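To keep things clear, I will list the structure first and then write my remarks on it.
What you see is a predicted model; the values in this text were computed from it and never measured.
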Amino acid sequence: MNQASGKIWWGAGLGIAVCFAFLASALQLSHAQTSGRDEESVALDQFIEVAKPSGINFKLTSGGPDKTYIIEAKGGGGIAWVDYNHDGYPDLFLVNGSTLEDWRRHSSPRSRLYRNNRDGTFTDVSAGSGLNHTGWGMGACVGDYDNDGRDDLYVTYYGGNVLYRNNGDGTFTDVTEKAGVRGHGWGMGCAFGDLDNDGKLDLYVVNYVDVDINHLGQPGSAPNCTYRGFATFCGPRGLPGGRDILFHNNGDGTFSDVTEKAGIDPNRYSGLGVVMGDFDRDGKLDIYVANDSTPSSLYHNNGDGTFTDIAPQAGVAYSVEGQEQAGMGTDVGDYDNDGWPDLIKGNFSDDYNNLYHNNHDGTFTDVAYPAGFASTSWLFTTFGAKFLDYDNDGWKDIFAVTGMVFPQIDRYRTGITYAERNLLFHNLHNGKFEEVGQRSGPALAIRKVSRGLATADYDNDGDLEMMVSNMNDSPDLIRHARKNSNHSILVKTIGVQSNRDGIGAEMKVVAGGMTQWDEVRSGGSYLSSSDLRLHFGLAQATRIERMEVHWPSGKTDVVSNPPVDHILTVKEGQGLVESEPFRKPAMPTGRPVRHHKKTKP
């Protein structure tokens with residue numbers, strides 16, 4: 001977040017920023033209208049919110065209402081979609097935070113695990129699950145670190161993290177100490193990925209700032225404890241950053257801390273979100289970290305166990321003006337279908353969100369302004385951010401969840417509010433986006449203080465749903481009000497020589513005159529982990545000509561003419577091994593949906 005000591009847009013700059021945002025919005029609307037894609041000509045999908053009727057009764061605890069200290073404002077909201085019982089339906093894990101009083105009494109509220117009932121509803125199965133650790137929880141990521149076919153959970157906390165091994169019987173075991181992945185400091189985002197292509201998942205953990213929760217500065221007590229002239233919590237400027245951690249998987253259930261040897265985060269930047277991707281298409285996963293009020297980092301994988309931060313020369317460290325930004329959530333996606341992974345990053349208000357286009361040569365260009373992604377974000381603080389094809393038209397859209405960090409902002413006339421609506425950017429297929437949230441149904445009119453965001457097709461009907469966590473409030477489970485006519489597929493990857501989840505596998509799908517690209521990944525957005533299955537919208541195409549899977553091992557599987565509107569399972573070295581048609585859309589009524597028999601090609 002950007003406070004008075006380090007941001008150029010404070011005070012009188014707000015008027016310039018607001019005027020610019022209004023002007024840019026007007027220009028964007030003019031473009032949409034003159035290109036024939038105005039409100040009358042674009043049929044937009046409509047969304048509803050269904051968390052409580054689906055059985056998700058949860059409240060994210062994060063400090064008191066005044067957010068006196070930084071940990072209360074940034075305190076968690078992580079979400080993980082994880083098929084813990086291996087029934088083909090993503091289940092839901094919600095990370096809980098704490099209050100200062102509960103944290104000191106060791107009585108913090110528990111995080112919750114919700115089993116997917118396969119009928120549009122969920123059941124809280126936290127009791128007896130073994131997910132017992134409490135504290136000030138932050139984020140979560142999913143990965144089968146021991147390659148036993150069962151997805152495990154890593155959860156970050158202030159003061160030390162937790163690795164839960166999936167026992168395969170509906171329970172988990174805390175193996176943190178045995179595995180050696182407790183970590184230190186203030187853990188935030190995390191991601192699993194096979195960084196050396198040895199078939200075993202390594203683990204990257206982002207640390208934020210190095211502070212003692214019992215000795216936090218008082219609001220207004222220093223220049224970094226104010227915002228626009230009024231007293232706020234202190235930081236992150238003026239606070240020492242915490243060093244990120246890279247854990248190498250030893251293959252025996254343990255990990256080694258290789259941070260120093262690998263050259264990770266020597267400058268101790270204040271990190272929040274992390275995502276992995278093969279940005280230069282050299283067959284090795286790289287790491288992007290969204291840092292707060294410090295330059296963001298792009299760690300190029302050198303292939304010898306070391307990494308080089310190339311963010312400045314790659315064009316993804318700063319804004320287009322060369323300024324440090326308050327990076328929050330981040331994600332990877334090929335939004336223009338050119339076969340190369342692009343990047344998004346959410347930032348603090350009084351600034352714009354980044355859309356970094358991959359130039360195919362190891363560099364990126366921030367195209368947020370010409371793409372129509374920047375102007376809307378000026379008055380919003382964006383935390384969770386995801387590429388997703390919400391309308392199944394074969395082009396990745398962007399969903400961004402927002403919420404300010406200073407409740408005091410509502411006392412002043414700044415144009416910025418504490419609770420904010422979330423933003424939906426529709427891909428116009430020409431390198432540009434249009435923000436359509438206000439025309440996309442009641443779920444996107446909700447105003448809360450949002451943090452985490454993760455996506456999944458939780459009812460296996462071919463459409464992606466969005467799960468959003470909200471500070472000191474209930475979460476939002478956002479789904480389509482009705483299914484549109486476009487086709488799609490979900491693809492589950494099973495590695496053999498590669499890691500069991502196939503994390504890092506690159507997939508190409510050719511259908512309907514389009515070629516799409518994506519990668520299996522863990523982590524991303526803001527402190528969250530989405531469904532590991534890849535989702536591809538196909539528009540009106542009823543035939544897929546070709547699907548290619550390039551595994552981390554270097555092997556390639558090619559599948560010709562797989563069925564559309566199916567869940568496809570691809571196994572390394574065997575190609576398509578299972579196919580299951582989508583379900584009828586399941587609304588949260590408790591009535592069972594019709595289940596289809598899986599078929600083997």
Give me the atom names and distance for the closest heavy-atom approach of [X] to [Y].
X    : Y    : answer
L272 : M188 : CD2-CE, 3.3 Å
D457 : L490 : OD2-CD1, 3.4 Å
M514 : D393 : CE-O, 3.6 Å
N337 : T515 : CB-O, 3.7 Å
A481 : I48  : CB-CG2, 4.1 Å
S525 : G384 : OG-CA, 3.5 Å

Could you check L343, N358, L355, I398 and say which one makes a side chain to side chain contact (heavy atoms under 4.5 Å, CB included) with Y335?
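So, applying the side chain to side chain contact (heavy atoms under 4.5 Å, CB included) to Y335 and each of L343, N358, L355, I398, only L355 qualifies.
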Applying side-chain hydrogen bond (donor to acceptor under 3.5 Å, both in side chains) to N301 and K284, what does each step give before you reach the verdict?
CA-CA 6 Å; N301 190 333; K284 301 182 292 290; 5.9 Å; no
Quick check against the 3.5 Å criterion: does [X] have a side-chain atom that pairs as donor or acceptor with the backbone of [Y]?
X    : Y    : answer
N354 : I344 : no
D174 : L131 : no
D397 : N427 : yes
E49  : A51  : yes
D463 : Y390 : no
D83  : G88  : yes
S488 : G537 : no
R150 : N166 : yes
S529 : A80  : no
D461 : F582 : no

Looking at [X], I want to see if its [atom1] is surrounded by more than 12 non-hydrogen atoms of other residues, nucleotides or ligands under 6.0 Å.
X    : atom1 : value
K571 : NZ    : no
H360 : NE2   : yes
R543 : CZ    : yes

Apply side chain to side chain contact (heavy atoms under 4.5 Å, CB included) to the pair T363 and H357, showing each step before the final yes or no.
CA-CA 9 Å; T363 70; H357 177 263; over 6 Å; no
Anything under 30° is parallel, anything over 60° is perpendicular, the rest tilted; go ahead and classify [X] against [Y].
X    : Y    : answer
F247 : F255 : perpendicular
Y458 : F122 : tilted
Y204 : Y299 : tilted
Y356 : Y288 : perpendicular

Output field: ring centroids F383/Y526 closer than 6.0 Å:
yes
Worked verdict on W551 versus D557 for side chain to side chain contact (heavy atoms under 4.5 Å, CB included):
CA-CA 8 Å; W551 300 91; D557 284 306; 2.7 Å; yes
Show the numbers, then the answer: is there a ring pair (Phe, Tyr, Trp, His ring centres under 6.0 Å) between F47 and H480?
CA-CA 4 Å; F47 294 90; H480 285 79; 4.6 Å; yes
Indicate whether any N or O donor in one side chain lies under 3.5 Å from an N or O acceptor in the other, for T156 and N161.
no
Among side-chain atoms of S553 and E572, is any donor-acceptor pair under 3.5 angstrom?
yes
Quick one: does L568's side chain get under 4.5 Å of M547's, heavy atoms only?
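Counting from C-beta outward, L568 and M547 do come under 4.5 Å.
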Can you tell if the side chain of V82 reaches within under 4.5 Å of the side chain of D152, non-hydrogen atoms only?
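Heavy-atom side-chain distance check fails, nothing below 4.5 Å.
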CA sep, side-chain torsions, deciding dist, call: T556, H550, side-chain hydrogen bond (donor to acceptor under 3.5 Å, both in side chains)
CA-CA 5 Å; T556 297; H550 301 275; 3.0 Å; yes
Could D146 and R165 be called an ion pair, given the rule that one side-chain N must be under 4.0 Å from one carboxylate O?
yes
Does the Lys NZ or Arg CZ of R112 fall within the cation-pi geometry relative to F58 - under 6.0 Å from the ring centre and within 45° of the axis?
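Here R112 fails the 6.0 Å and 45° test against F58.
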Working to the nearest 0.5 Å, report the span between CG of D304 and CG of D196.
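The CG atom of D304 sits 11.0 Å away from the CG atom of D196.
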Show your working on side chain to side chain contact (heavy atoms under 4.5 Å, CB included) between Q540 and N486 and close with a plain yes or no.
CA-CA 5 Å; Q540 292 297 301; N486 287 336; 2.8 Å; yes
